[in-house]
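Heads up: the structure comes next, in C-alpha cells.
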Amino acid sequence: MTDKLDAAVARAREMLADAPRLAVLTGSGISAESGIQTFRGGGGLWKGTPIEDFATPDGFDRDPVGVWNWYAQRRAELDAARPNAAHEALARLQRDVLGRGGTFTLATQNIDGLHQAAGSTDAIELHGSMRSVRCRDCEHRREMPVEPVAAVPTCPRCGAAMRPDVVWFGEALPEAAYLPAVEAVAECSVLLAVGTSATVYPAAGLIEWAIGSGGKVIELNLEPTPATRMAAVALHGKAGELLPRLA
Ligand code: BJW
Ligand code: ZN
C-alpha cells in the first residue's frame, strides 16, 4: 500500500463519514472478484463480437437463440457466484448511513443481483436483471431459465418472443429506475462510483449530474476512467480490498 493510496483512502473515509446524503453507482468491476466477467477489456465478447454490436434489439433479431443462450450461460454461472467483500462493505455502509439519519441510494448497472444478495436494500437496477425474462410485446415476465434453448421461448399470454429482462443499447432505461437515480445524484453530497468504466450513458452521466448539482465524487477503479478527472478523490485498486477500508 503506497502512502499516496493511504492518504486517498483517509480522505475518502472522511468524506463518507461527513456525508449526509450518499449515492453510489456501481459497474461490473465490483463483481469481478466474484468471478463475473467485466464487459470491456477482454469481457463483453460473444462469438468475438463486442457487446455494443449484439446487446441490441437488432442483435437479438439477427441471432435470437445465440443471444438468449449467452444470457442463459451467464445466468447459470451466477448460481456459483457469491457477493464479495466490496458488495458486503456497501451493504454495511448503507446500514451505517441510514442508522445516523442520512440518506443512501445505490444504483447499479449490474444485472447480477449480488448487491441484494449481500444485504443491500432498495438497490436500483438501471440495466435490468438477469433473474427474469420478459415478453417483447406485452411485458409479461417470468423467471430466467438457466438451460440453453434450441428455440427462443414464447410468451404464454400473447405468443411473442420472450427476451432477457435487461436494457440493451438503443433502449431507454426503465423510468422507475432512472428517475430515482437522477434524483439521488442531484441531491447527494457525495457520489461513490465503483468499478465502472464510466463510458455507457445515461448511467455514466449520473456522475456528471452529481458534480453539476454540487456533489463530490469518489471514484474507485483498477485504473483511470473518464470520471477520474472529475473526482475529488480517485482510488486505484481492487474494490474488494479498498471498499472495506472505506466502510
Ligand atoms: C475494477 C475491478 C475491481 C475491473 N475493482 N474496479 C455516443 C455518446 C454517448 C452515448 C451514446 C453514443 N452512442 C450511443 C450512445 C448511447 C449508448 C452508449 O452509451 N454507448 C456508449 C458505448 C458510447 N447508450 C445506450 O444505448 C443506452 N440507452 C440509451 O441511450 O437510450 C436512449 C433512448 C432514450 C429514449 C428512448 C429510446 C432510447 C442503454 C445502455 C445499455 C447498456 N447495456 C449493457 C448490457 C446490459 C445487459 C448485460 O449485462 O448484458 O450494460 S452494456 C454493458 O455496459 C452493461 C453494463 O452495465 C454497461 C457498463 O459497463 P461497466 O459496468 O462500466 O463495465 P466495464 O466492463 O465497461 O468496466 C468495468 C470497470 O471495472 C473497468 O473500468 C475496470 O477497470 C474496473 N474493474 N475489476 C475495481 N476488482
Ligand atoms: Zn406477451
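We count residues from 1, following the sequence as given.
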Side chain of [X], backbone of [Y]: donor and acceptor closer than 3.5 Å?
X	Y	value
Asp53	Gly59	no
Asn110	Gly27	yes
Gln94	Thr121	yes

Legend entry - Gap separating the CG atom of Leu243 from the CD atom of Glu88, nearest 0.5 angstrom: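 Between atom CG of Leu243 and atom CD of Glu88 there are 11.5 Å.
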Inset, instruction - Rounded to the nearest 0.5 Å, what's the gap from SG on Cys188 to CZ on Arg21? Could you check? - result: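 Result: 8.0 Å between the selected atoms.
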Can [X] and [Y] be counted as having a side-chain donor-acceptor contact under 3.5 angstrom?
X	Y	answer
Thr225	Glu219	yes
Glu183	Tyr178	no
Gln109	Thr26	no
Ser31	Asp112	yes
Gln37	Ser28	no

Legend entry - Hphob cluster co-occupancy, Leu16 + Leu242, side-chain heavy atoms under 4.5 angstrom: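 Linked, Leu16 and Leu242 end up in one cluster.
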Legend entry - Linked, directly or transitively: Ile36 and Leu222 (ILVMFWY side chains, under 4.5 Å):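 No, separate clusters.
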Legend entry - Pair Arg82 + Glu33: basic N to acidic O under 4.0 Å: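 The answer is no: the pair does not qualify as a salt bridge.
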Inset, instruction - Determine, for Arg13 against Asp18, whether the closest basic-nitrogen to carboxylate-oxygen distance falls under 4.0 angstrom. - result: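 No, Arg13 and Asp18 are not salt-bridged.
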Inset, instruction - State, with a plain yes or no, whether a side-chain heavy atom of Leu106 is found less than 4.5 Å away from one of Leu93. - result: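 No - every pair of side-chain heavy atoms lies 4.5 Å or more apart.
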Legend entry - Qualifying salt bridge (charged side-chain N to carboxylate O under 4.0 Å, His left out) pairs with a residue from residues 148-173, counting only residues at least two apart or across chains: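 Only Arg134-Asp165, Arg141-Asp165, Arg163-Glu171 qualify under salt bridge (charged side-chain N to carboxylate O under 4.0 Å, His left out).
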Inset, instruction - Would you please indicate yes or no on a ring centroid separation below 6.0 angstrom for Trp70 and Phe54? - result: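 For Phe54 and Trp70, the ring centres are under 6.0 Å apart.
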Inset, instruction - For the residue pair His87 and His115, categorise the inter-ring angle as parallel (less than 30°), tilted (30 to 60°) or perpendicular (more than 60°). - result: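 Perpendicular, since the angle between the ring planes exceeds 60°.
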Inset, instruction - Return the minimal non-hydrogen interatomic distance between Thr105 and Ile124, and the atom names on each side. - result: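 Answer, listing the atom of Thr105 first, then Ile124: CG2-CD1, 3.7 Å.
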Legend entry - More than 12 heavy atoms from other groups under 6.0 Å of CH2 on Trp209: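 Counting neighbours around CH2 of Trp209, 12 or fewer heavy atoms of other residues, nucleotides or ligands fall under 6.0 Å, so no.
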